[in-house]
*Asks:* 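Structure incoming, see below.
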Amino acid sequence: MEAVRWSRQLIPTLREVPQEAEIPSHQLLLRAGLIRKLGAGLYTFLPFGLRALRKVERIVREEMNRAGALEILMPALHPKEIWEQTGRFEVLKDVIFKIRDRQDRALVLGPTHEEIVTDLVAHEVSSYRQLPLNLYQIQMKFRDEIRPRFGLMRAKEFIMKDAYSFDADDAGADESYRKMYDAYQRIFRRCGLRTKIVEADTGAMGGSSSHEFMVLADAGEDGLVECDTCSYAANLERAESVLRAPPAFEGVGRAVEKVSTPGLRSVEEVSGFFQSPPSRLIKTLIYVADGQPVAALVPGNRDVNEIKLRRALGTKTLILADPVTIERVTGAPVGFAGPVGLKIPVHADLKLRGYRGAITGANQADAHIRHVDLERDARVTAYADFSYAMEGDGCPRCPGMLRTRRGIEVGHVFKLGTKYSELLGAMYLGADGQKKPCIMGCYGIGVTRTLQAVIEQSHDDQGIIWPVPVAPAEVEVLLINEQHEASVRAAEKLVAELEEVGLEVLYDERAERPGVKFKDADLLGLPLRINVGERGLAKGAFEVRVRQSGETLMIPMESIVESICAQLAELRRARGAEEQG
RNA sequence: CGGGGCGUAGCUCAGUCUGGUAGAGCGUCAGCUUUGGGAGCUGAAAGUCACGCGUUCAAAUCGCGUCGCCCCGACCA
């Protein structure tokens, strides 16, 4: 095989940080010459970016196959009708790219494939003997994101591995789910990623149970909580939490008192005026749920989690009321709503249970009331958990405390039930002769996002530090002086020997100064680098530099291949061990 | 969609307030020199100053409009 020579490759490294990139992984993808932008959320993979991507894909394939899933490839273009059959064209209309062919037929660019795979199975599966079945593909998805950002992290088109399981009964579906859950752990571990598995909301997908695989990173787009004591962890959209002790405020037992608060609308303004912590306020938000106004109450220091609130209310739609509605419902302009005397249903967050001595709006312009005892003074329709969990809240499962983190969602597994199989007719005939819908699960991995997450989690201020299994090549041979003939001969022989034992080698023989090549090597971040120069040759040795640790070793020329293989094995092993811990 | 920022050479940016005909560093090309952490010297190429309309004797610079990109928010599988 012809050696991969840097001078014959396209690895356009950048000395400076491109203006377009904010977070480390995005900057490094560009600076290391792995990707280039075409437009917002649209990227070209350059040769070395593609090599790393293929490595991730290979790991995903191997583990999916090992778990018994079958690879297929579905179309990216879908007739619009199939999306209308499940009602998801309406649900997803904002993110679906819609196009028309020359016959003016409506098509969409597939944002996901539940409908397509279910339609396939509806046609091809008819007996319980064909189940369980798990079909997957690795393919480009298209989503008209509201805001693409951070390079590959949230793009308009991205590569996804999506798998869909079909089972005859719940026990089988649970087993399929578990297999995928296990496979995902193996996949991310092999990619060198530390992931946190969290309970998640099922969102537009529908279904019952769901877990997300999160890569912890400050630049992550998702919030999550984890318990410092037990294994509880959840996406912030879903996270439950408890207040250990109801707060005790002064003024408990006294009668409600109206206080003039001209122009003070926000929690900050009001709590400042009363010299009270924001948690003492009861924040009252007016929503319109399925067309009906409702009040939602949360402690003043917390925000309403609308996903949890909608679930608690059991409504399809939930939007914050407009100022006109608020004034009509509360009798006061925005900023002075309170639960006392409201004529609409009042839903209170669980953390407000037992709130006494609280402050809230008076439902009258420029006035608040204090000494409010929620039970005594207001008619609360129902209590439910619909505020966002916060750092320091109690764990819902144990006496521990919750911490908040940020993460990148790289994988998501769902139990879907029979929603799609019923709508699209994916039925099978059971042993009992009964026709039943397949029980489905779906399982996604953002492949391109995973690649970026690896970089986000594994870099230093000099560049990328590739985990061996996903590195675009395993070893870089760096020729220090391309005009020194003995060095050239030694380097080329070395490259040939390394390739002989099956290693992937990048040979930097460019006519550049050593410093340039060193900097580029650190930036590109291949696990091991061998410097070939006069200094080492004089001692009959090669200088090996380990990217991760930064340590430099002098290895005798005769044992170099053996040493490199051993060190790569060690690097793989160390990463794996880290995962166990 | 709301808020903010930006758009000048391949990249990073100055010049815009106060209008006078295009700049720097890096990169590229040629040559010399140099070769262990982004060298030095000499020379060269390279920009319809995002686009359009307007104001003006004169527009990168002022006005209006459009497009693109980035960030924050809302949203999100």
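Residue numbers start from 1 in every chain, and the chains themselves are labelled A, B, ... in the order their sequence lines are given, proteins ahead of strands.
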*Asks:* For B:rG27 and B:rU18, measure between their P atoms and round to the nearest Å.
*Replies:*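 Per the computed distance, 38 Å lies between those P atoms.
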*Asks:* What interatomic distance, in whole Å, is found between P of B:rC13 and the corresponding atom of B:rU8?
*Replies:*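 It works out to 10 Å between them.
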*Asks:* Say we look at B:rU21 and B:rC67: how far apart would their C1' atoms be, to the nearest angstrom?
*Replies:*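 Taking atom C1' in both B:rU21 and B:rC67, they lie 27 Å apart.
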*Asks:* Please check this pair: side chain of A:Y443 against backbone of A:K415, looking for a donor-acceptor N/O pair closer than 3.5 Å.
*Replies:*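 Judged by distance alone, no pair lies under 3.5 Å.
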*Asks:* Please report the distance, rounded to the nearest Å, between CG in A:L236 and C1' in B:rA74.
*Replies:*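 Those two atoms, CG and C1', are 16 Å apart.
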*Asks:* Picking from B:rU35, B:rA77, B:rG37, which would you name as closest to the side chain of A:K519?
*Replies:*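 When the side chain of A:K519 is considered, B:rG37 is the closest of B:rU35, B:rA77, B:rG37.
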*Asks:* Across all strands, who's sitting opposite B:rC11 as a Watson-Crick or G-U wobble pair, both distances under 3.5 Å?
*Replies:*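 Per the H-bond distance test, B:rG25.
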*Asks:* Could you please name the partner base of B:rU56, counting Watson-Crick and G-U wobble pairs only when both distances are under 3.5 Å?
*Replies:*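 Paired with no nucleotide.
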*Asks:* Going by the side-chain contact (heavy atoms from CB on, under 4.5 Å) test, name the single residue among A:V505, A:I564, A:V477 that passes it with A:L494.
*Replies:*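 Answer to the side-chain contact (heavy atoms from CB on, under 4.5 Å) test with A:L494 among A:V505, A:I564, A:V477: A:V477.
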*Asks:* From B:rU35, B:rC69, B:rC72, pick the nucleotide closest to the side chain of A:F150?
*Replies:*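 When the side chain of A:F150 is considered, B:rC72 is the closest of B:rU35, B:rC69, B:rC72.
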*Asks:* With a 4.0 Å cut-off on heavy atoms, is A:K517 in touch with a base, just the backbone sugar-phosphate, or nothing at all?
*Replies:*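 Result for A:K517 = nothing.
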*Asks:* Can you tell which of B:rU28, B:rG37, B:rC1 lies closest to the side chain of A:E512?
*Replies:*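 Nearest listed nucleotide: B:rU28.
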*Asks:* Donor-acceptor pair under 3.5 Å: do we get one between A:E16's side chain and the base of B:rG10?
*Replies:*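 Absent.
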*Asks:* So what's B:rU61 paired with, Watson-Crick or G-U wobble, going by both distances under 3.5 Å?
*Replies:*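 For B:rU61, the partner nucleotide comes out as none, under the 3.5 Å rule.
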*Asks:* C1' atom, B:rG47 versus B:rA24: distance in rounded Å?
*Replies:*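 Approximately 14 Å lies between the C1' atom of B:rG47 and that of B:rA24.
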*Asks:* On a whole-Å scale, what distance lies between the C1' atoms belonging to B:rA44 and B:rA60?
*Replies:*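 So the two C1' atoms sit 26 Å from each other.
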*Asks:* Using atom P of each nucleotide, how far apart are B:rG54 and B:rU16 to the nearest Å?
*Replies:*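 The answer is 26 Å between these two P atoms.
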*Asks:* Under 3.5 Å, is there a donor-acceptor pair between the side chain of A:H484 and the main chain of A:S487?
*Replies:*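 Looks like yes, one N/O pair under 3.5 Å.
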*Asks:* Is there a side-chain polar atom (N or O) of A:R15 under 4.0 Å from OP1 or OP2 of B:rG27?
*Replies:*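 Answer is yes, contact under 4.0 Å.
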*Asks:* Report the base-pairing partner of B:rU48 (Watson-Crick or G-U wobble, both distances below 3.5 angstrom), or none.
*Replies:*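 Checking every strand shown, B:rU48 finds no partner, since no pair has both distances under 3.5 Å.
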*Asks:* Would you kindly give the CZ-to-P distance between A:R154 and B:rG73, to the nearest whole Å?
*Replies:*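 That distance rounds to 12 Å.
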*Asks:* Across the strands shown, which category fits A:E306 at heavy-atom distances under 4.0 angstrom: base, sugar-phosphate, nothing?
*Replies:*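 Sugar-phosphate only.
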*Asks:* Hey, does A:G411 reach any base, or is it just sugar-phosphate, or nothing, if we go heavy atoms under 4.0 Å?
*Replies:*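 Nothing: the residue A:G411, judged by heavy atoms under 4.0 Å, touches no strand.
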*Asks:* A:L30 has an atom CG; how far is it from atom P of B:rC70, in whole Å?
*Replies:*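 That distance rounds to 11 Å.
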*Asks:* Determine the contact category for A:Q19: base if any of its heavy atoms lies under 4.0 Å from a base atom, sugar-phosphate if only primed atoms, P, OP1 or OP2 are that close, otherwise nothing.
*Replies:*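 Touches sugar-phosphate only.
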*Asks:* On a plain distance test, is the side chain of A:R149 in donor-acceptor contact with the base of B:rG73 below 3.5 Å?
*Replies:*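 By the distance-only test, no, there is no pair.
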*Asks:* What is the pairing partner of B:rU16, taking Watson-Crick or G-U wobble pairs with both distances under 3.5 Å in any strand?
*Replies:*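 Per the H-bond distance test, none.
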*Asks:* Using OP1 and OP2 only, check whether a side-chain N or O of A:R147 sits under 4.0 Å from B:rC72.
*Replies:*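 Yes, A:R147 has a side-chain N/O under 4.0 Å of OP1/OP2 on B:rC72.
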*Asks:* Nearest heavy atom decides the nucleotide; on that basis, is A:D522 or A:H412 closer to the 5' end of RNA chain B?
*Replies:*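 Nearest nucleotide further toward 5': that of A:D522.
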*Asks:* Base, sugar-phosphate, or nothing for A:P18, non-hydrogen atoms under 4.0 angstrom?
*Replies:*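 The answer is sugar-phosphate, as A:P18 gets under 4.0 Å only of primed atoms, P, OP1 or OP2.
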*Asks:* For A:E145 and B:rG73, give me the distance from atom CD to atom P, rounded to whole Å.
*Replies:*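 After rounding, the gap between these two atoms is 15 Å.
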*Asks:* Which one is paired to B:rC32, where only Watson-Crick or G-U wobble pairs with both distances under 3.5 angstrom count?
*Replies:*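 Answer to the pairing question: B:rG40, which forms a Watson-Crick or G-U pair with B:rC32.
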*Asks:* Calculate the interatomic distance between A:Q139 atom CD and B:rA77 atom P; express it in whole Å.
*Replies:*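 Rounded to the whole Å, the gap is 19 Å.
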*Asks:* Is any side-chain N of the basic residue among A:E114 and A:R88 closer than 4.0 Å to the acidic one's carboxylate O?
*Replies:*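 Yes, A:E114 and A:R88 are salt-bridged.
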*Asks:* Distance-only, no hydrogens or angles: does the A:K141 side chain make a donor-acceptor pair with backbone N or O of A:G446 under 3.5 Å?
*Replies:*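 Looks like no, no N/O pair under 3.5 Å.
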*Asks:* Counting the atoms with a prime plus P, OP1 and OP2 as sugar-phosphate, which does A:R545 contact under 4.0 Å by heavy atoms, base, sugar-phosphate, or nothing?
*Replies:*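 Base contact.
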*Asks:* Scan the side chains in residues 531-542 of chain A for donor-acceptor partners under 3.5 Å anywhere in the protein, sequence neighbours excluded, and list what turns up.
*Replies:*
from	atom 1	to	atom 2	distance (Å)
A:N531	OD1	A:R529	NE	3.1
A:N531	ND2	A:E543	OE1	2.8

*Asks:* Using a 4.0 Å heavy-atom cut-off across all strands, classify A:R449 as base, sugar-phosphate, or nothing.
*Replies:*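 Touches nothing.
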*Asks:* For A:V17 and A:P148, take the nucleotide of RNA chain B holding the closest heavy atom to each; which residue's nucleotide lies nearer the 5' end?
*Replies:*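 Mapping each residue to its closest nucleotide by heavy atoms, the 5'-most match is A:V17.
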*Asks:* In whole Å, what is the span from the CG atom of A:D508 to the P atom of B:rG38?
*Replies:*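 Taking CG of A:D508 and P of B:rG38, I get 15 Å after rounding.
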*Asks:* Can you confirm whether A:K179 is buried at NZ, in the sense that more than 12 heavy atoms of other residues, nucleotides or ligands lie under 6.0 Å from that atom?
*Replies:*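 Not buried by this count: 12 neighbours or fewer within 6.0 Å.
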*Asks:* With rounding to the closest Å, how many angstrom separate the P atoms on B:rG40 and B:rU35?
*Replies:*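 15 Å, rounded to whole Å.
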*Asks:* What is the nucleic acid contact for A:G444, judged by heavy atoms within less than 4.0 Å: base, sugar-phosphate only, or nothing?
*Replies:*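 Since no nucleic acid heavy atom lies under 4.0 Å of A:G444, the category is nothing.
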*Asks:* Salt bridge check: are A:E145 and A:K156 linked by an N-O gap of less than 4.0 Å?
*Replies:*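 No.
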*Asks:* Any side-chain N or O of A:R88 below 4.0 angstrom from OP1/OP2 of B:rA77?
*Replies:*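 The answer is no; no side-chain N or O of A:R88 sits under 4.0 Å from OP1 or OP2.
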*Asks:* Among A:E409, A:E226, A:E212, whose salt bridge (Lys or Arg N to Asp or Glu O under 4.0 Å) with A:K196 holds?
*Replies:*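 When A:E409, A:E226, A:E212 are each tested with A:K196, the salt bridge (Lys or Arg N to Asp or Glu O under 4.0 Å) holds only for A:E226.
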*Asks:* Take atom CD1 of A:I116 and atom P of B:rA77, then tell me their distance rounded to the nearest Å.
*Replies:*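 Spelled out: CD1 on A:I116 to P on B:rA77 is 19 Å.
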*Asks:* Using atom C1' of each nucleotide, how far apart are B:rC11 and B:rA30 to the nearest Å?
*Replies:*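 Taking atom C1' in both B:rC11 and B:rA30, they lie 22 Å apart.
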*Asks:* Reckon A:Q483 touches a base, only the sugar-phosphate, or nothing at all at heavy-atom distances under 4.0 Å?
*Replies:*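 Base: the residue A:Q483, judged by heavy atoms under 4.0 Å, touches a nucleobase.
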*Asks:* Provide the Watson-Crick or G-U wobble partner of B:rC1, both distances under 3.5 Å; none if there is no partner.
*Replies:*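 When the pairing criteria are applied, B:rG73 turns out to be the nucleotide that pairs with B:rC1.
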*Asks:* Between B:rU28 atom C1' and A:R510 atom CZ, what is the distance in whole Å?
*Replies:*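 In whole Å, B:rU28 C1' lies 14 Å from A:R510 CZ.
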